[in-house]
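Below, read A as the first sequence line, B as the second, and so on, with proteins coming before strands; counting in each chain starts at 1. Below, all heavy atoms of this structure are taken into account, side chains as well, without hydrogens, waters or symmetry copies.
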Amino acid sequence: MEQILTLATNNLLSPIILSFALGVAAALARSDLSVPEAAAKALSIYLLFAIGFKGGVSVSSHGLDAKLGLSLIAGIILSAALPLIAFALLKVMTGLSRLDAAAVAAHYGSISIVTFVAATSVLESSGITSEGYMVAVAAAMEAPAILSALWLISRGGDGRRMDSDLWREILLNGSIVLLVGSFLIGWVTGEEGLTEISSFIVAPFKGVLCLFLLDMGLVAGRGLRRGGGVLRPGVLAFGVLMPLIGSAFGLAAGLMLGLSMGGVALMMVLSASASYIAVPAAMRVALPEADPSIYLTLSLGVTFPFNLTLGIPLYVAVASALTGA
Amino acid sequence: MEQILTLATNNLLSPIILSFALGVAAALARSDLSVPEAAAKALSIYLLFAIGFKGGVSVSSHGLDAKLGLSLIAGIILSAALPLIAFALLKVMTGLSRLDAAAVAAHYGSISIVTFVAATSVLESSGITSEGYMVAVAAAMEAPAILSALWLISRGGDGRRMDSDLWREILLNGSIVLLVGSFLIGWVTGEEGLTEISSFIVAPFKGVLCLFLLDMGLVAGRGLRRGGGVLRPGVLAFGVLMPLIGSAFGLAAGLMLGLSMGGVALMMVLSASASYIAVPAAMRVALPEADPSIYLTLSLGVTFPFNLTLGIPLYVAVASALTGA
Amino acid sequence: MEQILTLATNNLLSPIILSFALGVAAALARSDLSVPEAAAKALSIYLLFAIGFKGGVSVSSHGLDAKLGLSLIAGIILSAALPLIAFALLKVMTGLSRLDAAAVAAHYGSISIVTFVAATSVLESSGITSEGYMVAVAAAMEAPAILSALWLISRGGDGRRMDSDLWREILLNGSIVLLVGSFLIGWVTGEEGLTEISSFIVAPFKGVLCLFLLDMGLVAGRGLRRGGGVLRPGVLAFGVLMPLIGSAFGLAAGLMLGLSMGGVALMMVLSASASYIAVPAAMRVALPEADPSIYLTLSLGVTFPFNLTLGIPLYVAVASALTGA
Amino acid sequence: MKTHKAKRVEITIEAIMQSRLTEALTKAGVTGFSVLPVRGGSGRSGAWVRAGEIGRASGMVQVICIIRPERLDALLEAAFAVVDRHIGVVSIVDCEVLRAERF
Amino acid sequence: MKTHKAKRVEITIEAIMQSRLTEALTKAGVTGFSVLPVRGGSGRSGAWVRAGEIGRASGMVQVICIIRPERLDALLEAAFAVVDRHIGVVSIVDCEVLRAERF
Amino acid sequence: MKTHKAKRVEITIEAIMQSRLTEALTKAGVTGFSVLPVRGGSGRSGAWVRAGEIGRASGMVQVICIIRPERLDALLEAAFAVVDRHIGVVSIVDCEVLRAERF
Ligand SMILES: Nc1ncnc2c1ncn2[C@@H]1O[C@H](COP(=O)(O)O)[C@@H](O)[C@H]1O
Ligand SMILES: Nc1ncnc2c1ncn2[C@@H]1O[C@H](COP(=O)(O)O)[C@@H](O)[C@H]1O
Ligand SMILES: Nc1ncnc2c1ncn2[C@@H]1O[C@H](COP(=O)(O)O)[C@@H](O)[C@H]1O
Ligand code: NA
Ligand code: NA
Ligand code: NA
């Protein structure tokens, strides 16, 4: 318990979290502070490239773990199954329509890569290592949740075609391609490749993450200011409860797979986190009648800050307690 | 004197100044070289974040100086008073209308954060330290000058309402919020926080400043090419004289406050510099009839380059002579 | 031969080339991965500034080589002469119209600065030094080819005026101005200047180059997907043959000038590379009837990848064999 | 297809005045608008480009409103109160729209 | 100068739907269009701005087609099929063009 | 409110030709124009997008001029001289403006 509190306090007072808080505060106070769209995208490209590359290098150093395949499968199953639980929970806890509930559920099966990045950076600060291929697991978990959600809707008699364009868009989504691509590049080039570009992708990483989280805070704060009203108490509670449930499933999967302590923590983080890039875009195409202000505000304005501030230290503490590391 | 010359020459031949000169030259020669708006804004966000953060860390390391409060008050008084002097001077030296004169005056009470950043980088190169809270003083000096200018106008019988929106816009201006916010983050996280992100905010700082000044040079040069014609000799002379006058007041304030040599120099720089972000924007809203090509060209095309090239070394030399350091 | 193969393999498996390949693959697979225009331009500004600056510093360290002037003249002659050869070859090998052939020819006389940058980075990895003023030679080679192409057209009776605007645009092209400007800045500030900003322009250089090549890959891949069809086999073959011919002329020039091994290699690279910034823009203005999808696809989609992957190691190997270094 | 008469109002205004304009429009009952970036331009107050600028004092945006004809006057009055002392251009075009219930 | 009658169709649509719309237009025989960025806006589904966003779920673009009057109906039908269930606005204006052979 | 008849001319032209066009317009007595970015498009010469491009050879911009009807012909002639050999589209719409003294 004490460890959790220390971790949580350290985490809350890290430049990364404070930058996010600054962004939220500035947006709520209606400051005109804003990061240009092109700059925000550039920061996200940097982060995806760096995290993918480092994951690949780590796999190349530690050899191909036999668990990679199993972890990928576990990730896919989690991503597909969690929306069903989320949907059931939403039906019980909230008055959301089937459509809105399914759309929200899809977000919680899928993952948030920034939450993942923030978690790896917390692990690093604490000197905890993890399986490099967890980035690949992250990529694998992006899409299956979308299918589950569409299946939930079609079960309700409301036929939705997943046209092949949508398929391609989801699977070849820019962030998946960049993450997997740079993972492969890191894998192929290994430590040698890392040495060549580490002063670009390793040294300034945390600082870049600060600016990116400043931007995320601005966007989240703006969302809360505009869309906060649509979130009834039940929906809000879901936004905090669901990550805890998700993390429990992630924990179980991580332990069953026999991952390292860091790996278990990351599996929890992935399961606990909610998408705000791939899934919202897919929902706009496939379920345009679902209300974006619900799923975007919930994912970015509630669950993301919760995971960032309290969730990550909690998951790390639990993983550390249960892996006995 | 010799010291001034050496400092000035070193300064003039630094990559930072030469980058600015390159930008001016390219714009005057009508090259199509340009930095995208989003990239320029991203650079400015980086610089504000880094300078604020480092200021905060310095305060956290050296403890809270009792002079912080006094320095803030001094800054606010300077910002509010300098426009009155500037206005009187403009009435004597130039044929500008009351409106244009008040608008110009507001710029000279307020501050230019890049001039401040460039000065801190000159101080660092010379191994001179300064009070970390000078960033907070810089932030405090942004707005009061605007009020003075509007008061000058309203005295002339021309009633201007400062609507509450404008108030909020000025005080929660993106650059003030970012500067103060990152100052607080640096203060809270201290040296430990700095260690985590110093390879992002310390190591590449000067290089980023070069690219930013290249962009400033392009914008200033473009302004001179287009708006240079509106600047009559009297106005031009004001653009060089006023910073000297401002710096004298800054010097007096710095000495009275008992600031360190670096702190006195920075107080001079702040008082000498003229705003080109917060004040022009406020003028466009509150005094739309004032001619922007006068105040923008004067501030960015005349006073900024003057301070950058000759002013800063002069102020540092004077501060060093008078603080006996 | 073995050395070429090793170099080529090392080169092909470097993060730089793999990033380019990732971009091409993503574009061909119609992923929505894209780098914002502003970010791509910012990356190119960084690369030009850094490469120019480092070239200037190197000149300042090694003293002004008497060969600088001769190398510039050689570069200008190569740039002016290669289009004539290219044009003749195109008439023989392809069915392109005079206009299209002249437009394509202009590209091959001029140079691609990214190819140059990539080559310097390969040389550096292999510990091979080169004359710092090669950046100036690169800048000098940008424009003459355009004149040759326009002369080819006017010979055909089709009068084209080079209006003075176009002249200025070509010679004061943003990338030439930035390259030459930062070269001069580096020259003036020397090693001392470099020390101040090396953690910005040296340390992260290769990493930035990776992201830039990712973007180039995306653009090239998109071009191939859309415009690949217009390239008949003859035109395609030209895109691979012409760089080899160009490099042979570059080799001859480099040997006659008595350049170092690295200098010879870079002269080959410049001669072999094809413009995709300055020349396409000039062609759009001066020869609007020429088909951009031919010259852009050929230069960026065929010759650039060829040089990047196979050309550079080949040129380095040949230079090393023939300078006996 | 069935279309309905409407007005397309295009207001080119200083970027810094955008929020004041859109608030005034909203108060005047305008239910929708879109804001387009402008890269540069020229007018009686001189020429400008946004490239490289970080300040908010220069540059314009275009606010586009499509509205029912009967609401035009309210909109113009609201817009005029904001742009009155400012630079910028207001133009109105007759148009047809699909899905009239949206306006 | 000699001008020719045409229609200017402006479709404000979710960015994520852009490729679907332009593909539908192309299939319907539209030979040219331009896509303009939109910075922000407001409508029945709320207000939005693009600044700082990295996702593709929010934000609109404007697709502008200039076409011969006789092709208008085909275009509108194609556009409507795409925008039907989606937010956004379609407006049509009478215009004149130079170089009619281009449309 | 009192409005005045005017013409809204929209010229979609290659970005690289922008300065030539605006200079020609200025010479022809056009006192104001705005330049809008275009993200992408498609036409007889193929499809394009600006994303990721650093060169200036590809991409279009939109130059919008609002002018008094009697000046239209001078404007069109000036514009035509520039766009003649180039790709791009010129369209003209009847509009009403506030503050006619500005045109
Ligand atoms: N006639 C016009 N047509 C299109 N845009 C205009 C026109 N006049 C002015 N503008 C735009 O409005 C800005 C301010 O115009 P002005 O108030 O005339 O200085 C210009 O820089 C242009 O961006
Ligand atoms: N009347 C309108 N005029 C111009 N743009 C509109 C209008 N209504 C909606 N839009 C644009 O379309 C988006 C979605 O509108 P809506 O479907 O009403 O939420 C808005 O955010 C605006 O960008
Ligand atoms: N009918 C049209 N409507 C709108 N924009 C067009 C149209 N035709 C062409 N354009 C724009 O002008 C560019 C060049 O067109 P084109 O000359 O037909 O290749 C296209 O890529 C579009 O951006
Ligand atoms: Na999840
Ligand atoms: Na001042
Ligand atoms: Na060449």
Worksheet item: Side chain, backbone, both or neither: which part of D/V83 has a non-hydrogen atom closer than 4.5 Å to chain F?
Response: both
Fill in: pair D/L76-F/T3: side-chain heavy atoms closer than 4.5 Å
yes
Worksheet item: Any donor and acceptor pair, going by atom type alone, linking the side chain of F/R99 with main-chain N or O of D/F80 inside 3.5 Å?
Response: no
Discussion item. Taking the side chain as everything from C-beta on, heavy atoms only, tell me whether F/R8 gets closer than 4.5 Å to D/R8.
Written reply: yes
Discussion item. Checking the side chain of D/R44 only, and the main-chain atoms of F/G32 only, is there a donor and an acceptor separated by less than 3.5 Å?
Written reply: no
Practice prompt. Check F/I66, F/I64, F/V93 against D/S91 for a side-chain contact (heavy atoms from CB on, under 4.5 Å) and give me the one that passes.
Written response: F/I66
Worksheet item: For the atom pair CG (F/L36) and OG1 (D/T12), what is the distance rounded to the nearest 0.5 Å?
Response: 8.0 Å
Discussion item. As an exercise: rank F/C95, F/S34, F/P37 by heavy-atom pairs under 4.5 Å with chain D and give me the winner.
Written reply: F/P37
Fill in: Proximal component of F/Q62, with respect to chain D [non-hydrogen, under 4.5 Å]
neither
Discussion item. Just verifying a value: how many Å separate F/L98 CG and D/I92 CD1, rounded to the nearest 0.5 Å?
Written reply: 5.0 Å
Practice prompt. Find out whether F/R102 and D/I87 are in side-chain contact, i.e. whether some heavy atom of one side chain is under 4.5 Å from a heavy atom of the other.
Written response: yes
Worksheet item: Between F/V63 and chain D, which part of the residue has a heavy atom less than 4.5 Å away: side chain, backbone, both or neither?
Response: neither
Worksheet item: Rounded to the nearest 0.5 Å, how far does CE of F/M1 lie from CG of D/L72?
Response: 10.0 Å
